Amino acid sequence: MTEASFGAPLDVSDSRAVRRATMLRLATGLVQGLLLYGLYQADKSKAWPATQRELYGALLMVVLFTPFVVLAGVSALRWRTLAAWKGVAALVAAGLGAYGVWSGDPAARGVDALGPQTFFAIAALIFIGHHLVEPADLERRRIARYPTYFDVTWKHGVQGALSLGFTGAFWLLLFLAAALFKLIGVDAIDKLIKHQAFAFPATTVMFATAVQLTDVRANLVRGVRTVALTLLAWLLPLMALIATAFLLTLPFTGLEPLWKTKSATAILLVADAFLILLANAAYQDGTETTAVVLRWAARLAGVLLVPITVLAAYGLSLRIGQYGLSPDRIIAAACVLVAAGYAVGYAIAAVRPGIWMKALEATNIAMAFVVIAVLLALCTPVADPRRLSVENQVKRLHAGKVKPDGFDFAFLRFNGGRVGRDALVALGKDRDVTIAELAGKAWSAPSYQAAKPSGQPFANAHVYPAGAVLPESFVKQDWIGDNWLTCAAAGGDCDIVMLDTNGDGVAEVLVNDGSVFEVYRQGADRRWIKIAVTAPSCVDDDFRAKLGAIPPRMAPPPPDLKDVVIGGRSLRLVPPPPDCVVERIVVTGSVKR
């Protein structure tokens, strides 16, 4: 084997090395597939090791991710380095997998006990870690030269994409074969490919095969990489222009429209990610001749990262100050921290004289270590998002920053993991009777929606005509279960019309709870029941504006029907299912979807 600059590809003239790498990769793929099938069967049949949740999570993560270290490193790393790095990767995967299961929902089983963040974190850690280890091993130094990091990382990135495409094409061909043979009454292939004992090993072996094929065709990978980077690089001027226009427009629009989106921080961080990616596509390994327009676009991108990251941090701080911590906000804060590191480094690279964007190299290497540290913190007790958010929210509750009827006990029960459930049990014994009662209800609730606090139903409802108020008995009625209304949940959004549909002087409640209006009337037992619904149909986009501008009214009815006009449209009501019918009322028209 050689140690060439392009990620140490196999020397195809060394047939012995090629055969050895081929056998190792195919064997690795086969063993991985068989082990994954065994874990799948154990989970399905509730047998060991699936009966020990933490052990199962650890084994699953090791079997799923550690083989990729072998697939990527068998032709490049020295054997002792490969063995050591594989051991470290296995320990990290096992530890994070076990902790992910332990800290999650105690009632969850198998894969369900592991959140998607655990899978993503382990995959990212192994990918980043490998591309710090391999270049250093190739150059026999702790920190390799930047071009080596660039070559190895992009080689494996392209290899991974091509290998996934190859595996997908393999399965498409199998499905085509199954369909063809089924045309003549032969379903053996269809049964085969649907059997997990075939599917797992076949998938992993084909992926390993694709890795080997791309490894011995280094020129192919290099060509694909060059084309991809060239295309991405020429998107940089457009992205820089978009970001500049956005920032220059802000003084005229103000920040309020930005915060109203409720996703400003996420969108700004995505913009950061694109600027970073495209700037690297233009810079590449720093040795290529780059067009002047791309150089200036990269410098501009480095400067633009600073205000965009500041805006993202400011928006996130406002949300945290108003609503406290949540797992999503903690993860967003970690992303802001990483983005800030890139922003500072790239801004320095952009304004520093000399070789263009040279400081980008040191920034990328340093931030790789920072990202590893952040991911490890998020996936361990150090900065577990669920633990931090549960502690913060309970502290806000006890400090009076949020009232008990506005506190999200359902989060503790269903999304707070082990620490959330423990906190809910403690709140169930709280000296505050209201807190203890609400915590007890959340603990016994069958679902997240059922556990939501009932103190603020219809908080986001739009009631028409202007000035109309929902009856207190309607708001306080228990809408959980058979009488469930989406807009009765905390944060539910809907349009509600108050209108007397039968001329008795008492207004009925017409709720647009999705694609139809539902008519509710208070019965003799003081409970509100559904007496009719509208037949759904298409409406104008400005239907809500018309609701506010045109007062609802009863239309002159035919002899046996009653029509109502809402938002300038005639609506037809039809009776609900028999168990809900109290009185036949029919109304014509269309409704807001």
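Not measured: the values here are computed from a predicted model.
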> Which is it for E391 and K395 under the salt bridge (Lys or Arg N to Asp or Glu O under 4.0 Å) test, yes or no, and what are the steps along the way?
Replying inline: CA-CA 6 Å; E391 291 176 355; K395 184 177 179 180; over 6 Å; no

>> Minimum heavy-atom separation for H130 and L77, please, with both atom names.
In response: CE1-CD1, 4.0 Å

>> Tell me whether the count of non-hydrogen atoms from other residues, nucleotides or ligands lying under 6.0 Å of CZ in F170 goes above 12.
In response: yes

Contacts under 3.5 angstrom, residues 372-386 side chains, donor-acceptor by atom type, not counting sequence neighbours:
| from | atom 1 | to | atom 2 | distance (Å) |
| --- | --- | --- | --- | --- |
| T380 | OG1 | L376 | O | 2.6 |
| T380 | OG1 | A377 | O | 3.4 |
| D384 | OD1 | R386 | N | 3.0 |
| D384 | OD2 | Y99 | OH | 2.7 |
| R386 | NH2 | S103 | OG | 2.9 |

> Where do P49 and Y56 come nearest, in terms of heavy atoms and distance?
Replying inline: O-CB, 3.5 Å

>> Less than 4.5 Å apart, side chain to side chain, heavy atoms only: is that true for V390 and F411?
In response: yes

Just list the side-chain donor-acceptor pairs under 3.5 Å for residues 347-360, sequence neighbours left out, or say none.
| from | atom 1 | to | atom 2 | distance (Å) |
| --- | --- | --- | --- | --- |
| K358 | NZ | E361 | OE1 | 3.3 |
| K358 | NZ | E361 | OE2 | 3.3 |

>> Using 0.5 Å steps for rounding, measure from the CG atom of L192 to the CZ atom of F198.
In response: 4.5 Å

> Rounded to the nearest 0.5 Å, what separation is found between the NZ atom of K86 and the CG atom of L82?
Replying inline: 7.5 Å

>> Looking at Q284 and T289, would you say the former's side chain and the latter's main chain have a donor-acceptor pair under 3.5 Å?
In response: no

> Do you know the tightest heavy-atom contact between G324 and N392?
Replying inline: CA-OD1, 3.4 Å

> Can you name the residues that form a ring pair (Phe, Tyr, Trp, His ring centres under 6.0 Å) with W259, not counting sequence neighbours?
Replying inline: Y314

> Does the salt bridge (Lys or Arg N to Asp or Glu O under 4.0 Å) test come out yes or no for R222 and D151, once each step is laid out?
Replying inline: CA-CA 9 Å; R222 182 183 289 108; D151 282 342; over 6 Å; no

> Of the non-hydrogen atoms in A208 and R25, which two are nearest, and what is the gap between them?
Replying inline: CB-O, 3.3 Å

> Atom CD1 in I128, atom CD1 in I126: separation rounded to 0.5 Å?
Replying inline: 11.0 Å

> Where do L316 and A332 come nearest, in terms of heavy atoms and distance?
Replying inline: CD2-C, 3.8 Å

> Do the side chains of R225 and F150 get nearer than 4.5 Å, heavy atoms only?
Replying inline: yes

> For T287 and D285, what are the C-alpha separation, side-chain angles and deciding distance, and is it a side-chain hydrogen bond (donor to acceptor under 3.5 Å, both in side chains)?
Replying inline: CA-CA 6 Å; T287 62; D285 62 359; 2.7 Å; yes

>> Check this for me, if you would: do D105 and R421 make a salt bridge, where the nitrogen-to-carboxylate-oxygen distance has to be below 4.0 angstrom?
In response: yes

